[in-house]
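Shown next, in structure tokens, is the structure this report addresses.
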Amino acid sequence: MAPKKKPAGSEKSGPKKTDKKQVGKGGFLPGGGGFMANLISTVLILIILTSGYSLITNQGDKEEPVSLSQVAADVRAGVISSIHIEGNGLVLAYADGTEREAMKDPEASLPETLAAYGVTPEQLTAVNVTVESESGFKYWFLSLAPILLPILFLGVLFWFLTRQVRGSGMQAFSFGQSKARMIDPADTSQRVLFSDVAGAKEAKEELLEIVDFLKNPKKFLDIGARIPKGILLMGAPGTGKTLLARAVAGEAGVPFFSISGSEFVEMFVGVGASRVRDLFLLAKKTSPSIIFIDEIDAVGRVRGTGVGGGNDEREQTLNQILVEMDGFDPTEKVIVMAATNRPDVLDPALLRPGRFDRRVTIDLPDRKDRLEILTVHARKKPFGPDVNLEVIAERTPGFSGAELYSLMNEGAILAARENRKEITQYDLVRSIEKVMLGPERKSHLLGKKEKRLTAYHEAGHALVGSVLEHSDPIHKISIISRGRAAGYTLKLPFDDKRMHSRKTFLDDIATTLGGYVAEEMIYGDLTTGPSNDLAVIAALARDMVSRYGMSDVLGPVAYAGDRAYGDATYSQDIAAKIDAEVARIIDEGKTRARQVLEENRKALDAIADRLTEVETLEREEFETILIANGITPKKKEEEDVSI
Ligand code: ADP
Ligand code: ZN
Ligand code: MG
């Protein structure tokens with residue numbers, strides 16, 4: 001296994017935030033309001049509907065209808081002034097002002113019926129007869145109600161069930177709607193403040209302005225200030241980009257809508273774009289607010305390269321984001337924040353003025369920041385008297401905030417597993433390696449031969465790393481399995497490094513090849529053990545040539561893109577040159593490693609022997625072996641005072 005400074009895949013080790021609210025279109029309804037409340041309201045609506053129905057139908061019950069013979073008699077007597085015919089119902093207006101009702105014979109017309117009762121045409125003409133066809137509301141209601149009511153009932157029932165389903169977070173009816181999670185400013189349990197983010201001082205200062213605007217937009221708008229709509233947070237995984245974005249919302253006390261770029265990439269074309277639309281709509285409705293697009297590189301990669309052909313969806317989503325951002329009017333109080341650890345692959349269209357033109361870089365924490373982060377995460381943990389976080393901060397160069405968080409957590413877990421009430425320094429020290437390399441696998445016992453081979457492999461790394469000038473000092477060597485590695489060699493720089501030089505890279509490559517070369521030298525054969533080492537140096541050598549301009553043959557040119565992805569910006573010819581340079585660098589590294597190991601064969605054997613015996617060598621013991629074999633261990637350099 002290669003000497004490791006920095007583990008990969010740290011993203012996952014961060015804490016999980018579970019209880020964020022899922023917000024669909026209906027998400028602002030008072031969250032379902034409880035089953036009983038819904039049931040009661042549904043039942044109430046039904047009761048009102050049915051009673052309304054019976055009220056209308058039973059209107060005529062109040063008074064006995066007049067019989068037809070009586071009507072005829074009254075017409076003959078001339079006491080009826082008018083008759084109003086409505087369907088089969090008759091409304092009789094008497095000369096004395098009273099009004100009564102009657103029913104006519106449905107089979108015959110009224111004049112016919114009255115004639116049969118002996119009313120003469122002359123007597124009838126004295127009565128004002130009006131006819132109304134049954135088109136009134138009452139008629140329709142009466143005839144349709146028996147059909148409509150059950151349908152209405154079913155509709156209400158369906159609506160009620162839908163709300164239940166949505167309330168339970170199944171989102172069964174929210175296809176295409178914004179899947180954003182929202183953090184409500186009123187929910188203090190989820191609130192993150194700047195004080196929860198340690199270090200990152202410059203980033204916080206930059207973002208303070210945004211907080212100020214969100215808190216008091218009027219002040220800025222009145223004076224005609226233009227506030228950036230897009231802020232891009234850039235930094236390695238686990239450096240606290242997401243945390244910082246949430247802290248901005250927390251400090252400003254505004255709603256925070258977050259969605260991850262990878263969530264946009266759905267099966268169906270068009271879904272991503274419609275999600276973006278919904279998300280922006282939602283945010284505008286609740287403005288001032290923050291939209292946070294995490295891992296924006298998942299949708300915001302350079303367009304038009306046709307990777308795998310199926311990126312229509314990605315492109316449409318990206319376009320929609322751009323359209324929405326361009327469509328903001330200057331008084332809009334919505335700020336779009338985005339995070340990425342690959343700013344180099346972003347589409348330039350995203351970075352144009354008026355879009356994500358404000359960029360905030362978050363670096364890996366230096367020693368002082370690491371101490372601060374450790375202190376933040378130590379807040380609610382009981383520590384023994386021997387705990388010295390400063391030492392832990394010193395021993396964790398290259399650790400991200402997320403890794404420091406999981407280091408503290410692992411320490412607590414170790415203490416709890418051994419039923420102790422306090423976390424000790426030893427718990428934390430052990431956790432450093434656990435976070436770096438994965439858990440120890442004591443059960444994974446190596447056979448005798450395998451053990452010896454692994455010992456030579458690790459001794460090879462350690463020895464080359466100790467002899468070459470620009471390699472970092474070795475802290476520990478072990479042949480106890482960890483994660484997928486059979487053994488490991490740990491090297492740590494004395495100080496945090498911001499920049500790496502060509503010489504360091506070349507020594508690193510030789511050191512990483514030390515294991516491979518030792519196996520070849522001692523056994524005349526190779527195992528699958530060094531496969532990861534080889535992948536690491538291949539990538540490093542390629543970066544040296546194509547990104548950092550560290551090859552004399554190709555010169556100081558950065559070749560963007562990758563031919564494997566089809567987005568290379570250089571020719572086949574250059575690609576061949578790059579390949580040749582990579583091969584040359586690796587070959588030279590191998591030669592140098594071999595030279596060191598051959599010249600110090602005695603030391604190599606001594607380290608491998610001791611390692612087979614004790615399985616783990618700490619720095620002091622390792623350096624004793626070096627000195628015994630005439631090799632001077634690395635010393636911390638004097639402070640460089642020249643500028
Ligand atoms: P990123 O989004 O950059 O990958 P996150 O914001 O998700 O990183 O960070 C993951 C976790 O790591 C955070 O929830 C927090 O616990 C811890 N963390 C990272 N940076 C810091 C920091 N500067 N201060 C305190 N905790 C941090
Ligand atoms: Zn190795
Ligand atoms: Mg993140």
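In this chain, residues are counted from 1 in sequence order. In listed order, ligands and their atoms are each counted from 1.
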List every atom of ligand 1 that sits less than 4.0 Å from any heavy atom of Val197, numbering the atoms from 1 in the order shown and giving each element. 23 (N), 24 (N)
Will you find, in the side chains of Thr424 and Asp427, an N or O donor that is under 3.5 Å from an N or O acceptor? yes
Do any N/O atoms on Val376 end up under 3.5 angstrom from N/O atoms on ligand 1? no
Report whether any nitrogen, oxygen or sulfur of Glu458 sits less than 2.8 Å from the Zn ion (ligand 2) (N, O or S, backbone or side chain). no
Taking non-hydrogen atoms only, is Asp196 closer than 4.0 angstrom to ligand 1 via side chain, backbone, both or neither? backbone
Just which atoms of ligand 1 are under 4.0 Å from any heavy atom in Gly401? 12 (O), 17 (C), 18 (N), 19 (C), 20 (N)
Salt bridge check: are Glu588 and Arg592 linked by an N-O gap of less than 4.0 Å? no
Any luck finding a side-chain donor-acceptor pair between Ser531 and Thr528 under 3.5 Å? no
Say whether Pro237, considering both its backbone and side-chain N or O atoms, lies within less than 3.5 Å of an N or O atom on ligand 1. no
Please indicate whether any nitrogen or oxygen in Asp294 is less than 3.5 Å from any nitrogen or oxygen in ligand 1. no
Assess whether salt bridge (charged side-chain N to carboxylate O under 4.0 Å, His left out) is satisfied between Glu209 and Arg358, documenting all intermediate values. CA-CA 12 Å; Glu209 185 185 307; Arg358 184 73 65 96; 3.3 Å; yes
Could you identify the N, O or S atom of His457 positioned closest to the Zn ion (ligand 2)? NE2
Would Gly240 count as being in polar contact with ligand 1, using the rule that some N or O on each side must be under 3.5 angstrom apart? yes
Ile296 and Phe356, any side-chain heavy atoms less than 4.5 Å apart: yes
Could you tell me if the side chain of Leu428 sits less than 4.5 Å from the side chain of Phe383, heavy atoms only? yes
Polar side chain donor-acceptor pair, Asp508 to His500, under 3.5 angstrom: no
Which of the N/O/S atoms in Asp533 sits closest to the Zn ion (ligand 2)? OD2
pair Tyr516-Lys590: side-chain heavy atoms closer than 4.5 Å: yes
Contact atoms of ligand 1, heavy-atom distance to Ile373 under 4.0 Å: 22 (C), 23 (N), 24 (N), 25 (C)
Do side-chain atoms of Asn629 reach the backbone of Ile631 as a donor and acceptor pair under 3.5 angstrom? no
Can you classify the ring geometry of Phe256 versus Phe292 as parallel (below 30°), tilted (30 to 60°) or perpendicular (above 60°)? parallel
Show which atoms of ligand 1 fall inside a sub-4.0 Å distance from at least one heavy-atom site of Ala198. 22 (C), 23 (N), 24 (N), 25 (C)
Taking the non-hydrogen atoms of Glu403, is any one of them nearer than 4.0 angstrom to ligand 1? no
Heavy atom to atom 1 (P) of ligand 1, shortest distance: which of Lys241, Arg246, Met234, Glu372 holds it? Lys241
Asn341, Thr242, Leu244, Thr340: member with heavy atom nearest to atom 2 (O) of ligand 1: Thr242
Is there side-chain contact between Met436 and Phe399, with at least one heavy-atom pair below 4.5 Å? yes
Looking at ligand 1, does Gly238 have a heavy atom less than 4.0 Å from it? yes
Counting heavy atoms under 4.0 Å, the part of His377 that contacts ligand 1 is side chain
Looking only at distances, please establish whether an N/O atom of ligand 1 is found under 3.5 Å from an N/O atom of Tyr405. no
